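Comments concern the structure below.
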There are 2 protein chains.
Amino acid sequence: MEKEITIYDIARELDLSPTTVSRALNDHPAVNHKTKQRISEAASQMGYRSNMFASNLRKQRTNTIGLIVPRLDSPFHSSVIAGMEKVANEEGYNLIISQSLETAHKEKANANTMFNSRVDGLLVSLSFETENLDHFESFIAKGIPVIFYDRVADHKDCTSIVIDNLQAAYKATSHLIEQGCTNIVHITGNLKRNVYTDRLKGYKYALVDHDLPFVETNVLISQMTEEAGIEAAQQILRMNPLPDGIFVSNDLCAVSCIKALKKAGISIPKDMAVIGFNNDAISRVIEPNLTTVNYPGQEMGEVALKVLLVQMNGTGERIPGNTIHLRSELIIRESSLKSKASNKKKAIIM
Amino acid sequence: MEKEITIYDIARELDLSPTTVSRALNDHPAVNHKTKQRISEAASQMGYRSNMFASNLRKQRTNTIGLIVPRLDSPFHSSVIAGMEKVANEEGYNLIISQSLETAHKEKANANTMFNSRVDGLLVSLSFETENLDHFESFIAKGIPVIFYDRVADHKDCTSIVIDNLQAAYKATSHLIEQGCTNIVHITGNLKRNVYTDRLKGYKYALVDHDLPFVETNVLISQMTEEAGIEAAQQILRMNPLPDGIFVSNDLCAVSCIKALKKAGISIPKDMAVIGFNNDAISRVIEPNLTTVNYPGQEMGEVALKVLLVQMNGTGERIPGNTIHLRSELIIRESSLKSKASNKKKAIIM
DNA sequence: CAAATATATGAAATCGGTTTCAATTTTTTA
DNA sequence: TAAAAAATTGAAACCGATTTCATATATTTG
């Protein structure tokens with residue numbers, strides 16, 4: 001455990017001041033090119049590594065970005081994180097990740113930890129439970145940019161990054177109607193969250209625009225888990241008359257619902273056409289393959305981080321209240337193709 | 001953007017020294033109980049938050065743990081990370097996560113970043129490519145504990161955390177043999193990695209112990225991706241005679257292989273019994289449901305982090321060269337049940 | 001009650017970069 | 001060639017908490 005090399009050691013070695021060494025290592029223009037070269041060589045030869053803490057302490061920035069995510073073990077979120085990590089890594093930032101596990105109090109606790117860790121920026125996808133955004137006010141008061149993605153909320157000082165959930169749901173529902181469905185169930189999550197309210201709206205508007213009635217009892221609210229899909233199937237099986245189409249707000253839940261329905265003797269898509277959401281790997285495994293909405297997770301992660309970096313390093317002028325929309329697309333597979341006349345597979349870019 | 005409160009501000013306010021304030025906030029025994037109370041109240045009333053950088057600079061620790069993982073968007077790894085994050089969060093440590101994307105050079109680069117970030121400990125699951133462990137020597141030289149999990153390597157100063165891959169593969173292969181398979185293909189990953197060599201050994205020993213020949217060409221090495229499963233299926237279909245059992249080293253690859261085989265008219269498990277590895281969600285979606293090895297991802301993450309914390313905070317006495325084995329279990333589902341006599345579902349704890 | 005021991009507090013050095021302000025040297029301009 | 005401008009470099013303060021060593025007060029013991 002030999003002693004750590006500091007800029008003072010380098011300075012002594014080369015008979016220079018720590019000031020010059022510091023500047024050289026940061027490629028400051030006021031240092032002679034040759035001097036820089038000498039310092040840089042000495043540094044690597046001596047095994048110098050910068051002490052981020054001294055640097056951060058003085059510079060009052062941490063080079064760290066906080067991320068609060070509902071769950072880490074979800075295909076969608078892990079691809080988002082993969083995208084964020086990629087950009088953060090390229091730009092020399094560290095990501096601190098924590099999970100709210102869908103509870104408001106954990107989200108709050110995590111936000112406080114992030115605040116005390118003095119992250120330079122915060123990325124958040126809200127938990128199911130979250131009612132208000134008070135726990136982010138401390139960031140905003142200190143001028144630390146907060147960005148919401150996927151599960152977002154309206155805040156005048158925060159940018160949101162989403163796909164057009166309303167439109168995606170509208171297209172999905174319309175597709176079911178075009179396939180001949182007239183009695184469509186919608187399984188979705190906690191309506192506190194934009195993603196679910198927007199999809200509900202899209203579902204509703206599609207019905208209305210096609211002169212179909214919107215029936216309150218056809219909307220099933222759940223936790224969107226594997227188990228919730230089974231329960232939903234049971235509820236559906238008790239309906240009279242049975243629906244002929246189902247639009248589910250995520251693939252995992254859609255898949256387990258399909259499995260339960262098939263077990264009960266329902267034929268998919270003949271008896272009921274089904275559409276999911278997210279384009280997770282399982283959507284390509286279930287039989288019949290699941291029609292779903294392709295959700296660009298990795299891209300959303302990259303965009304979120306890039307936007308955050310702009311706000312962090314920007315000249316201060318925020319783009320407040322702004323919402324960035326990413327493109328999504330309906331991927332049509334067998335599970336929704338009631339009218340056999342249609343092609344077996346095609347993708348429609350929305 | 002009001003000014004940040006420091007211990008000096010609190011000290012001035014209460015007419016005490018910064019020393020006492022610092023001690024009080026760290027619950028040092030040499031501070032009077034009443035004084036502590038006063039300080040603690042003033043601190044929260046004034047909105048004080050500790051500056052981790054000043055503290056870290058002085059204490060020479062970072063309270064940060066580094067994690068290098070092959071990919072973030074994998075069900076297994078995301079559950080491992082979920083477990084790690086949980087423990088880290090409870091114990092007040094930050095996790096810095098980076099992905100090697102299965103390449104040695106990115107793993108190396110990430111290790112350097114971690115080193116320069118002065119993590120107090122490092123958790124690693126090796127990339128496919130990694131040949132040597134030189135990029136971790138700097139940590140070891142500085143006494144920073146390094147722990148390998150899942151994809152591990154032998155190093156006298158590092159602890160490894162694994163399941164007994166050999167035994168798991170042995171049980172899986174034996175199960176296939178018990179089901180009447182005599183010509184079993186094994187699809188696995190890069191043999192640089194212990195998980196794959198150990199599984200290959202388990203497969204081989206099970207064959208030998210049951211007086212079946214080990215045939216070199218029955219072992220297919222691949223990237224274990226979705227595509228690799230399809231290619232493997234094509235190779236299998238060209239074999240003569242066709243095998244009657246397949247043991248695949250992960251579920252994703254097993255599932256896509258099954259899909260391709262089914263499309264080619266092979267009946268699973270009648271023509272070929274299949275076993276996967278990991279117990280990902282898709283293993284319960286494919287038809288027939290996939291027999292697989294349940295891999296305790298979340299638990300492995302928790303254990304890895306706890307062991308790391310022990311080594312970080314320990315009195316210096318490392319448990320070098322030690323390997324910790326976690327329990328895994330074979331989960332038997334339809335995909336391997338050739339002999340219909342067996343129960344449809346049962347789980348055997350290994 | 002004096003001496004010894006605990007208890008409680010503080011002064012000042014320290015961790016290692018960054019930055020301000022000034023000084024010195026070199027180059028350019030008139 | 002003298003004056004002005006540009007290019008380099010450095011001294012010292014600073015960021016905010018921790019820790020060593022010393023000191024003052026309170027308590028206990030013989």
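Because the structure is predicted, anything quoted here is derived from the model rather than measured. Just so it is clear: chains get the letters A, B, ... in the order the sequence lines come, proteins before strands, and each one is counted from 1.
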Notebook entry, point to check: When the distance from NZ of A:Lys34 to P of C:dT25 is rounded to whole Å, what number comes out?
Noted result: 18 Å
Next item on the list: Can you tell me the distance, in whole Å, between the CG atom of A:Leu14 and the P atom of D:dT8?
Entry: 17 Å
Check: Is the shortest side-chain N/O distance from A:Ser17 to OP1 or OP2 of D:dA11 below 4.0 Å?
Finding: no
Next item on the list: Look at the side chain of A:Asn32 and decide which nucleotide, out of D:dA12, D:dA17, D:dT9, has an atom nearest to it.
Entry: D:dT9
Check: Quick one: B:Lys59 NZ to D:dC15 P, roughly how many Å, whole number?
Finding: 21 Å
Check: Base, sugar-phosphate, or nothing for B:Asn56, non-hydrogen atoms under 4.0 angstrom?
Finding: nothing
Let me check something: any side-chain donor-acceptor pairs from residues 64-73 of chain B under 3.5 Å, sequence neighbours excluded? List them with distances.
residue: B:Thr64; atom: OG1; partner: B:Thr62; partner atom: O; Å: 3.0
residue: B:Arg71; atom: NE; partner: B:Asp73; partner atom: OD1; Å: 3.4

Checklist line | Between P of C:dT7 and NE2 of B:His28, the distance in whole Å | finding: 13 Å
Notebook entry, point to check: Does D:dT18 have OP1 or OP2 sitting under 4.0 Å from an N or O in the side chain of B:Asn26?
Noted result: yes
Checklist line | Any donor-acceptor pair under 3.5 Å from A:Arg193 side chain to A:Thr130 backbone | finding: yes
Item checked: A:Asn89 side-chain N/O to A:Glu85 backbone N/O, donor-acceptor pair under 3.5 Å -> no
Check: Counting side-chain heavy atoms from C-beta on, which of D:dG16, D:dT18, D:dT9 comes nearest to A:Gln60?
Finding: D:dG16
Item checked: Nearest-Å distance for atom pair CZ/C1', residues A:Arg12 and D:dT9 -> 18 Å
Item checked: Euclidean distance, atom CG of residue B:Asp15 to atom P of C:dA8 [Å, nearest integer] -> 19 Å
Next item on the list: Compare the minimum distances between each of D:dT19, D:dT18, D:dG10 and the side chain of B:Arg23, then state the nucleotide with the smallest one.
Entry: D:dT19
Check: When you measure from the side chain of B:Leu57, which nucleotide among D:dA11, D:dA17, C:dC15 comes out closest?
Finding: C:dC15
Next item on the list: Would you mind telling me which residue lines up with the more 5' stretch of DNA chain C, B:Ala54 or A:Pro18, judged by nearest nucleotide?
Entry: B:Ala54
Notebook entry, point to check: Out of C:dG16, D:dA11, D:dT20, which has the shortest distance to the side chain of A:Tyr8?
Noted result: C:dG16
Note to self: Heavy atoms from C-beta onward define the side chain here; which of C:dT19, D:dA17, C:dG17 lies closest to that of B:Ser22?
What the structure shows: D:dA17
Next item on the list: Test A:Arg23 against every option in A:Thr19, A:Asn26, A:Leu25, A:Val21 by the side chain to side chain contact (heavy atoms under 4.5 Å, CB included) rule and name the one that passes.
Entry: A:Thr19
Margin query: At 4.0 Å (heavy atoms only), tell me whether B:Thr6 reaches a base, stays on the sugar-phosphate, or touches nothing.
Written below: sugar-phosphate
Check: Rounded to the Å, how far apart are B:Met52 CE and D:dG16 P?
Finding: 15 Å
Next item on the list: Respond yes when some side-chain nitrogen or oxygen of B:Thr20 is under 4.0 Å from OP1 or OP2 of C:dG10, and no when none is.
Entry: yes
Notebook entry, point to check: Would you say the side-chain atoms of B:Tyr48 and B:Asp9 include a donor-acceptor pair closer than 3.5 Å?
Noted result: no
Notebook entry, point to check: Which nucleotide in the list D:dG10, D:dG16, D:dT18 gets nearest to the side chain of B:Ser55?
Noted result: D:dT18
Next item on the list: Give the rounded distance in Å between these two atoms: CD of A:Gln37 and P of D:dT8.
Entry: 14 Å
Checklist line | Ionic contact status for A:Glu129 with A:Lys192, cut-off 4.0 Å | finding: no
Next item on the list: Report the nucleotide, chosen from D:dA17, D:dT9, C:dG16, that has the shortest atom-to-atom distance to any side-chain atom of A:Arg58.
Entry: C:dG16
Check: In terms of side-chain heavy atoms of B:Thr35, which of D:dA17, D:dA11, C:dT9 is nearest?
Finding: C:dT9
Next item on the list: Would you indicate what B:Leu16 reaches in the nucleic acid, counting non-hydrogen atoms under 4.0 angstrom: base, sugar-phosphate, or nothing?
Entry: sugar-phosphate
